[in-house]
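See below for the structure under consideration.
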Amino acid sequence: MLGRSANGIFWLFRNLERAENTARLIEAGFRMALTRDARDASDEWRSVIVTLGLRATYEAKFGNDYAGPNVINFILRDRDNPGNVLAMCELARTNARMVRAGITREVWESVNDSWLRMRELLARPVTETRLGDVLDTLRRQSTQVRGAMEGTMLRNEIYNFARIGSFIERADNTARILDVKYYVLLPSISYVGSSLDNVQWENVLRSLAGERAYRWLNAGRMEARGIAEFLILDSRFPRSLAFCYGKLRSNLAHLAREYGGEMAAHAILQEADCDLHNTTIDAIFEQGLHEYIAQFISRNTRLANQIQHDYRFID
Amino acid sequence: MNNASPSSYDEMFDADGSVRPAYRGYSEWYGNQPADLLRRKGTEAEAFFRRTGITFNVYGSEDAEERLIPFDMVPRIITAQQWRRLSRGIEQRVRALNAFLHDLYHRQEIVRSGRLPARLLEKNPAFLPQMVGFTPPGGVYTHIVGIDLVRTGEDDFMVLEDNARTPSGVSYMLENRETMMAMFPELFTRVRVREVSDYPRRLARSLAACLPNCLPPAARGHQPVVAVLTPGIYNSAYFEHAFLADQMGAELVEGSDLRIENGRIAMRPTQGYTPIDVLYRRVDDDYLDPLTFKPESQLGVSGIMDVYRAGGITIANAPGTGIADDKAIYSFMPEIVEFYTGEKPILPNVPTWRCSEPEALKYVLEHLSELVVKEVHGSGGYGMLIGPTSSKKEIAAFAAKLAARPHNYIAQPTLSLSTVPILGRAGLTPRHVDLRPFVLVSPGGIDITPGGLTRVALKKGSLVVNSSQGGGTKDSWVLDD
């Protein structure tokens, strides 16, 4: 497999994962905004923009006006936001075209189909009425790509680079959502048990597709520490940091076997993985959740860069 | 000229409107299909092509929009008997092309014998001095050839053009068949059509049969490393490059993935370097090696020509094959075929005036309104004049260009190309077609896939079938005996 193709497949899956996660974030934000008065709704949308790291670009265009339709369209399709969802779908597709000979027809067609549909749905501004349909399509398309991949791809290096792209991105997304939301929620921690608080925390879970799993595991109790523990350390939950790193460990181990040796990336992974295994939620809170997550995100980025370097993604 | 032209031969219906034998099976089936079903299938086919990504990029179009080549659902059908004669003619021609290339780059017997003027080679950019005295691995120059055929009557097939450089379109041949089988499976149980789908396997086998000289005979058991070299995702035929690499199980590479390692051309995988044995390049000669040809090229590999000449790699097609499909050479093809095969050509050329010859130029200038005039080095239907459909002003402007550089042009009569019906709004309606069969050459012999790519001019009366000029394609059937 060419280094250039490894790069292509890695970014194909990073972009798909990012588009899907963005859809969930908007969905959760939208739900919150609907149940709030105008000012609180703005706060909610602001926090979505902050989570996506878009505050500066957004405010350059709209100032402090966080009206729902502005935010939605800015994230989904605005050309002033180079990282809009349509651009992610397009990047995913361009990468898929580049590695066309390395993926199956099923995977290529589902990526291409997904781009064709998003391009059509996002050709005009998205109203709140159409939003549900757009987000729903986006989520379903990701599921389809994943299914095509699961069912048709050979479990070789190509597959492993694809998975590495997905899990690096997913871990980054979960960490960011947790970080931003935690800050927003900080003042309310003292009101544990109030109904607002419950809704807020449920929203964090919803943006990570984890509300059902968490409720099921905790008999419906919403509690900051429990949720943080679930999102960071519970390796049963597929969007938790521990789960993502468990997957990364096995994907990187596969590469080490296939290439007959470990690289610098393996050492970084080892260190991160060890941390996730040996810590407890109490220790994390003691260190400070924000500090812990900031450290995690920076190491996650370092791991991604090291993988790109070790496997010669770029000449 | 329009389709009312009584002289056009229609391949489906004879002059009385009865169905010709080749189309009988199809016609019976067609008669039983509700009209709206076929139309609905048309929309389905388009969605299928879009989803599959069978698109081409249009040069110079601002938004780099990818377009579909329109697909028409009425197949173009050739009988087994017609095909036998065509394949004999094609094989003869391709054999001659390879012998001709070998001769041009060695002793040039054909020039010495006076059958081909030496001036056609002098200053001809398609003739590569770097290839003189060098014999490609296995003696094969054109591993892949596309022969463009036109038809004017029951048994009148002529060669319009030879494509000996990097002929494209084979992915359409394959995908058109896939589409037809997906949409009308029952049709294929009624009419026995010869298979085309093993083309990629045959291509892979054919390429692998031309191992570079650096591999010792002991390497015979070694699985050859084949790669497809593409200019990249913005090339108009990128889909085809990726498609063929995928189907052959070969690596799809760009110039930037390659470098010289120990006298071989090697790819840069995630670890180490992998030498390539056979490179199926879809990059033109000019861009292949910046050290030898265009220095600004980013699409090729620096030094690949040296490696090639030292026996470190096989390049398919060999550099310098363009001289054989040069339009100035084309008019000599009947002599060329006879010279190397000792036989009369089975497939004739289209009559051609070489404007470089004063007599011919005089005739052409006097008859521009009846002729098709082409640039010697042009392709894709650009820069040509179609006399009968051009205005007086266009003809006058072209005459001036022609008179200024006569050696740059050839002229041919406006042929009354055969028609095959397309499915229009009001049912079947005739349109002009051509046919490009694909031919594989290896030391083991010549292999012709039964059928090829039928291109169809979708505009009523139009004779221009090029996709860049609004042409479409059809599935091409060769009937089984």
Side-chain angles (χ1 to χ4, degrees), chain A residues 1-10 90-91 93-117 119-120 141 144 148 154 156-158 160-161 164 252 254-263 265 307-315, chain B residues 46-57 63-66 68 171 174-175 178 182 200 225-235 237-259 266-274 276 280 282 298:
Chain A
M1 171 181 217
L2 299 174
R4 183 172 54 82
S5 308
N7 186 48
I9 199 105
F10 176 83
E90 185 156 351
L91 260 173
R93 188 214 181 226
T94 304
N95 279 302
R97 273 192 87 201
M98 204 175 86
V99 299
R100 175 64 190 85
I103 54 180
T104 58
R105 183 169 189 144
E106 281 85 345
V107 171
W108 156 249
E109 282 184 13
S110 45
V111 173
N112 190 39
D113 192 43
S114 152
W115 173 73
L116 288 168
R117 271 166 200 255
R119 194 173 58 154
E120 199 186 316
Q141 294 289 335
Q144 196 189 319
L154 199 62
N156 59 4
E157 48 185 347
I158 301 179
N160 282 286
F161 281 117
I164 288 170
L252 274 164
H254 185 109
L255 290 182
R257 273 197 307 280
E258 189 154 347
Y259 295 137
E262 298 201 339
M263 313 287 279
I307 290 170
Q308 302 187 43
H309 179 262
D310 287 350
Y311 296 103
R312 303 197 294 184
F313 283 17
I314 290 152
D315 203 3
Chain B
E46 198 182 307
F48 174 83
F49 282 114
R50 282 239 178 258
R51 200 178 60 238
T52 322
I54 310 178
T55 54
F56 72 105
N57 306 344
D63 46 2
E65 183 73 29
E66 293 165 25
L68 292 181
S171 58
L174 297 166
E175 288 292 347
E178 289 297 318
V225 178
V226 177
V228 178
L229 175 65
T230 175
I233 63 168
Y234 299 109
N235 183 266
Y238 177 77
F239 164 75
E240 179 158 303
H241 308 160
F243 176 89
L244 289 174
D246 184 35
Q247 297 273 311
M248 288 197 289
E251 199 71 68
L252 181 66
V253 300
E254 295 179 15
S256 61
D257 299 318
L258 306 179
R259 57 183 275 176
M267 318 183 250
R268 190 181 60 83
T270 48
Q271 308 253 289
Y273 288 93
T274 312
I276 296 171
Y280 175 23
R282 295 293 296 257
Q298 313 246 320

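The shown structure was predicted, so the numbers you read here are calculated from the model rather than taken from an experiment. Each chain gets a letter, A, B and so on, in the order its sequence line appears, and its residues count up from 1.
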Exercise for the section: Mark yes or no for whether R312(A), through its side chain, and P269(B), through its backbone, hold a donor-acceptor pair below 3.5 Å. Expected result: yes
Completion exercise
Heavy atoms of D257(B) and R4(A) approach each other most closely as OD2-NH2, 2.5 Å
Exercise for the section: Measure Q247(B) against the heavy atoms of chain A and call it side chain, backbone, both or neither at under 4.5 Å. Expected result: neither
Handout entry: Within 6.0 Å of CD in Q298(B), more than 12 heavy atoms from elsewhere
Key = no
Completion exercise
Taking every heavy atom of A242(B) against every heavy atom of A101(A), the minimum-distance pair comes out as O-CB, 4.0 Å
Fill in the blank from the handout: Under 4.5 Å to a heavy atom of chain B? For I307(A) that would be neither
Problem - Approximate separation, where rounding is to 0.5 Å, of R100(A) CZ and F239(B) CZ - result: 7.0 Å
Handout entry: Interchain contact, D310(A) with chain B, by part (heavy-atom threshold 4.5 Å)
Key = backbone
Exercise for the section: Tell me, for V228(B) versus chain A, whether the close heavy atoms (under 4.5 Å) come from the side chain, the backbone, both or neither. Expected result: neither
Practice task
Please list, chain by chain and in numerical order, all residues satisfying salt bridge (charged side-chain N to carboxylate O under 4.0 Å, His left out) with E251(B), sequence neighbours excluded.
Solution key: none
Problem - For E109(A), all residues meeting salt bridge (charged side-chain N to carboxylate O under 4.0 Å, His left out), sequence neighbours excluded - result: R105(A), R51(B)
Exercise for the section: Starting from the C-alpha separation in whole Å, work towards a yes-or-no answer on side-chain contact (heavy atoms from CB on, under 4.5 Å) for Q271(B) and E157(A). Expected result: CA-CA 11 Å; Q271(B) 308 253 289; E157(A) 48 185 347; over 6 Å; no
Practice task
State, yes or no, whether a side-chain contact exists between R50(B) and L116(A) at a heavy-atom distance under 4.5 Å.
Solution key: yes
Problem - Best-contacting candidate, W115(A), F313(A), W108(A), against chain B by heavy atom pairs under 4.5 angstrom - result: W108(A)
Problem - Y259(A) side chain vs T270(B) backbone, donor-acceptor pair below 3.5 Å - result: no
Completion exercise
Smallest heavy-atom separation, R97(A) atom then I233(B) atom, equals NH1-O, 3.3 Å
Practice task
Identify which part of F161(A) has an atom lying under 4.5 Å from any heavy atom of chain B, answering side chain, backbone, both or neither.
Solution key: side chain
Exercise for the section: State the CG-CG distance between L2(A) and L252(B), to the nearest 0.5 angstrom. Expected result: 8.0 Å
